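It should be emphasised that the depicted structure is a prediction, and the values quoted were computed from it without experimental measurement.
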Amino acid sequence: MDMSKLAKGPVDPSIAANMSAFAPPTGAFAPPLPPHPLGTSSLLVLQPFSTCQRVKQLDLLATKWLSARKLAEMVETEGLVYKKGKFSATEERQVREAIESHKTANNLSDAQLHEIIFPKDEKNKDAEFWTRITQAVPPRPIVAVYHFVRRKYHPLGQKGAWKAAEDAALKQAIADLGQAWEKVSARVGRMASDCRDRYRNHLVDRDTRSTGAWSKEEEDELTRIVTDMTIKQGRDIDNDVFWSRVSQLMGGRRGRQQCRIKWTDSLSKLVKNDGTKPRWSPTDAFILIHKIDSLKVNDDTEIDWKLLPDPDWNLWSAHTLQRRWLTMKRGIKGYEEMTHQDIVDILRVKKSLAPESASSALDSSKPPTKERRKRKITSAGEVPEEMTKSAPTVEDSDPE
DNA sequence: CCTAGCGGTAAGGGTAATAAGGATGA
DNA sequence: ATCATCCTTATTACCCTTACCGCTAG
């Protein structure tokens with residue numbers, strides 16, 4: 001019946017148009033409208049644009065400092081395609097190489113390179129530089145590359161755990177200077193963004209903050225706050241939560257990260273599953289792999305995890321799915337050297353071999369201890385067919 | 001003198017790595 | 001009962017995007 005969803009899953013646009021599109025207020029768990037008139041991204045693969053158009057777009061991305069709004073607008077109006085999200089290892093390497101070659105080509109010292117990336121003097125700005133590096137990682141917009149490089153090449157980066165003395169220095173600096181992070185950074189000896197992070201994630205509310213396991217009261221409170229903020233406002237319970245605000249509403253007793261993780265990894269699936277906790281099963285693994293396979297991406301950094309859950313299989317948050325994928329992937333020996341498709345192929349075989357539990361879950365004859373089995377039937381029901389159906393490889397690849 | 005847009009800084013939104021405790025099943 | 005293994009929960013450094021706005025080139 002709803003096999004179609006399983007097989008097709010979201011048409012992944014991740015490369016292109018996955019603007020974080022505040023989901024239009026759908027009902028509680030109503031099927032999210034495809035964020036896109038399902039053309040643009042898959043079309044890209046097929047052959048939507050002339051190469052000439054592509055070149056123009058890439059040039060635009062590498063030379064113009066387009067604002068987020070403008071970017072989103074162009075995705076809609078003229079099918080602009082650009083990449084968002086974490087930089088892959090490959091991209092990082094491409095950036096490094098581009099910078100190296102720029103350095104040698106212009107015979108720059110380390111200090112000179114530093115001056116280009118962090119110019120102290122107006123006169124040393126070099127717009128050419130950012131364009132050149134951006135061209136090494138299409139289709140990224142220049143501003144994304146700019147921020148990426150400024151973080152990666154910052155001399156104060158990557159300093160590990162904070163020491164008590166640093167916390168004290170940070171507190172004092174903020175007391176003296178306010179939230180002027182660049183100035184604070186100079187005093188503390190950490191990147192501005194790291195100072196800001198340390199402050200908002202750990203120092204603010206430090207005396208009221210509690211850690212460790214959550215009490216029932218706290219869990220109920222968080223659930224109430226989140227549902228008030230989302231469902232009751234007609235917003236999306238998975239994507240429209242403002243975690244800093246939630247933390248405030250929790251009276252500062254839990255930080256924004258604590259609240260977010262608690263919700264997405266634990267409480268949300270409980271709410272979606274009538275108050276009982278589902279447990280990750282081989283069937284779930286099976287579904288996940290097939291969904292990922294159907295995306296036909298080149299690399300898992302292109303996956304937009306937010307688009308994976310669907311109404312018939314929505315117990316698992318995007319975050320959970322992403323992590324489950326990672327652990328499955330790492331369970332394969334030598335996965336580092338493999339292509340994404342290799343890994344998917346291996347997992348598809350590997351995870352279809354554990355059908356015992358899946359099929360026994362179907363057997364109502366011996367109801368296994370917990371009721372949580374009950375819910376599995378919904379998704380497990382279609383698995384055996386899907387499995388025997390086989391030929392999972394290509395099938396739908398090109399719609400007309 | 002005006003103004004478009006560059007690019008530096010802050011704010012907002014999110015994940016990866018890790019550890020430790022809890023189920024599960026041979 | 002035991003132990004390996006997988007799963008869940010919690011922590012925190014680190015990461016990416018967007019908003020904002022002063023400045024300057026044209």
Is any side-chain N of the basic residue among [X] and [Y] closer than 4.0 Å to the acidic one's carboxylate O?
X: E97(A); Y: R93(A); value: yes
X: D284(A); Y: R279(A); value: no
X: D238(A); Y: K272(A); value: yes

Nearest to the side chain of [X] - [options]?
X: K306(A); options: dT11(C), dT15(B), dG14(B); value: dG14(B)
X: Q258(A); options: dG13(B), dT11(C), dT8(C); value: dT11(C)
X: V143(A); options: dG22(B), dT18(C), dC14(C); value: dT18(C)
X: Y146(A); options: dT24(B), dG7(B), dA17(B); value: dG7(B)
X: N201(A); options: dG22(B), dC14(C), dA16(B); value: dC14(C)
X: E122(A); options: dA23(B), dT18(C), dT24(C); value: dT24(C)
X: R200(A); options: dT11(C), dT8(C), dG13(B); value: dG13(B)
X: K84(A); options: dC6(B), dT17(C), dA19(C); value: dT17(C)

Measuring to OP1 and OP2 of [N], would you say a side-chain N or O of [X] lies under 4.0 angstrom away?
X: R324(A); N: dC7(C); value: yes
X: R150(A); N: dG8(B); value: yes
X: K351(A); N: dC6(C); value: no
X: K152(A); N: dC14(C); value: no
X: R260(A); N: dT15(B); value: yes
X: R330(A); N: dA17(B); value: yes
X: K262(A); N: dT9(C); value: no
X: S266(A); N: dT9(C); value: yes

Estimated bend of the helix from dC2(B)-dG26(C) to dA26(B)-dT2(C) (axis per five terminal pairs, rounded to 10 degrees):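 Answer rounded to 10°: the end axes differ by 30°.
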Of residues 86-102 of chain A, the positions that come close to DNA chain C - non-hydrogen atoms, cut-off under 4.0 Å: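 Per residue number, the list reads K86(A), F87(A).
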Side-chain touch Q341(A)/V344(A), heavy atoms, less than 4.5 angstrom: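 With C-beta onward as the side chain, the pair touches.
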Check: H147(A) side chain, dT18(C) base, donor-acceptor under 3.5 Å: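 Donor-acceptor pair under 3.5 Å: yes.
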dG14(B) base / R256(A) side chain donor-acceptor hit below 3.5 Å: yes
Nucleic acid contacts - residues 172-198 of chain A versus DNA chain B, non-hydrogen atoms under 4.0 Å: Q179(A), A180(A), W181(A), E182(A), R196(A)
Sugar-phosphate only, base, or nothing, as touched by W130(A) at under 4.0 Å among non-hydrogen atoms: nothing
Sugar-phosphate, base or nothing in reach of G157(A), heavy atoms under 4.0 Å: nothing
Closest-nucleotide ordering on DNA chain B, the 5'-leading residue of W243(A) and K125(A): K125(A)
L347(A) with W280(A), same ILVMFWY side-chain cluster at under 4.5 Å: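 Both belong to a single hydrophobic cluster.
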ILVMFWY network linking L288(A) to M338(A), side-chain heavy atoms under 4.5 angstrom: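 Yes, same cluster.
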R254(A) to W214(A) six-membered ring, cation-pi geometry met (6.0 Å, 45°): yes
Modelled atom types, side-chain donor and acceptor of R54(A) and Q57(A), under 3.5 Å: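 Yes.
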Taking every non-hydrogen atom, the tightest pair across D121(A) and E115(A):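 Shortest heavy-atom separation between D121(A) and E115(A) comes out as N-OE2, 3.5 Å.
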Nearest heavy-atom neighbours spanning V204(A) and R209(A): O-NH2, 3.1 Å
